[in-house]
Enquirer: 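This is the structure I want to talk about, given as structure tokens.
This structure is a prediction, so every number in the text was calculated from the model and none was measured. Values reported hereafter were calculated over all heavy atoms of this structure, with side chains retained and with hydrogens, waters and symmetry mates removed. Counting convention: from 1, in listed order, for ligands and their atoms alike.
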Amino acid sequence: MAGSNKDYYEILGIDHNASDADIQRAFRKKARTLHPDINKAPDAEVRFKEVNEAYEVLSDPKKREFYDHYGSVDGYGQGMPDMGDIFGGFGGFDFGDLFSTVINGGAGRGAHAARTDGRDMGAQIRVTLAEAATGVSKQIVYNRLAPCETCHGTGCAEGGQKVTCATCHGTGEVVTTQRTFLGQMQTRSVCPDCGGTGVTIDHPCPDCEGQGRAPERERVSVDIPAGVSDGQQLRVDGKGEAGIRGSRAGDLIVTIAVEGDETFQRDGDDLHVRVEASITQAALGAKIELDGIMPDETVEIQIPAGSQTDDVVRVRQKGMPHLGREDRGDLIAHVDVVVPRTLTEEQRHLLEQLAETLDEKQERPRRTPWQRLRDALR
Ligand SMILES: [Zn+2]
Ligand SMILES: [Zn+2]
């Protein structure tokens, strides 16, 4: 239990009349020497916590009054969390960070690395499955920060030149000093006047204000290779955001979206397709032609005799091209046996004859599929 009957004044080395400023000064002095990052004595951490605790109480006028009266802050403020919870592990704020900042005089150079390179940009291109099969060239139109045409990316107006930034003297960062209860704290940030480059332009280009880049509507032609898959990405070098005054430009990253197709279902580089066969084609076997995925391509599908609905016929090398290769996946045809919805007199007669022959072979089943068909057509 923290807080019980400790002499906080003694811990901070001050007397009972100490002013708020005295308390703060005393705490700072103690905390600096006792911080566990500096003081390796075995009891340093415990004493550091005590100093924190004393400061926490004495720097708060109400707590200090309570403590002065009762000699302890036990029971101070109903419903308050146990003081141990607050102090445990230096909770609340991070002393470690505060101290390393103060002691080292600020974080090292490069903590706020200036960003002068352009960023990557993203775009999406939609292609049909047929376009994905053949490969296609597509144009993307988008807005980006492009190298300024007026100054050719230098950022200088005519006669202008680069000069060392007066605000940061070329370091690219500015240091601000804040007063805290721990003393002065320095923070470094990117120089607002030069954007961290350390350089400004004495006569900046009026079109880009010395940035060397300006918004522009860009057109980029993208060659999409045959066999591309949905979600694949292509990188177009240097077509992202331009860098500041000629720094490296980002890339344009194009994500390919391959649209679904009404006829073909893609599975990797295989294509699935449904092919309709009449009852006679299914029974006798047949050669069925259909349009392939490639332009003007006809694919021949050999349906074997006795085919049933959902039987599968695989045709090699008629699927999607493998990306970057000459060969292709397969076309996988799923048979759909189609029963005629209407019959001519002659067809009906022929089917009835057929039905009789099928009946003989099947030892008089109650109703054959042919009988059901015949009934349905009546
Ligand atoms: Zn310019
Ligand atoms: Zn600067």
Enquirer: Is the Zn ion (ligand 1) less than 2.8 Å from at least one N/O/S atom of H152?
Expert: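 No N, O or S atom of H152 is closer than 2.8 Å to the Zn ion (ligand 1), so no.
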Enquirer: Of the backbone and side-chain N, O or S atoms of C205, does one lie nearer to the Zn ion (ligand 1) than 2.8 Å?
Expert: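 So C205 does bind the Zn ion (ligand 1) by this criterion.
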Enquirer: Out of D15, D68, N17, which residue meets the side-chain hydrogen bond (donor to acceptor under 3.5 Å, both in side chains) rule with Y9?
Expert: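 Single pass found, and it is D68.
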Enquirer: Check whether more than 12 heavy atoms from other residues, nucleotides or ligands sit under 6.0 Å from atom CD of Q353, and answer yes or no.
Expert: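 More than 12 within 6.0 Å, yes.
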Enquirer: At the Zn ion (ligand 2), what is the angle formed between atom SG of C191 and atom SG of C165, rounded to the nearest 10°?
Expert: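 It comes to 110°.
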Enquirer: Mark yes or no for whether D120, through its side chain, and D251, through its backbone, hold a donor-acceptor pair below 3.5 Å.
Expert: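 Yes, because the side chain of D120 sits within donor-acceptor range (under 3.5 Å) of the backbone of D251.
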Enquirer: Rounded to 10°, how big is the angle at the Zn ion (ligand 1) from C151 SG to C208 SG?
Expert: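 It comes to 100°.
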Enquirer: Would you please classify the geometry between the F27 ring and the Y55 ring as parallel, tilted or perpendicular, with 30° and 60° separating the classes?
Expert: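 Because their plane-to-plane angle is under 30°, the rings of Y55 and F27 count as parallel.
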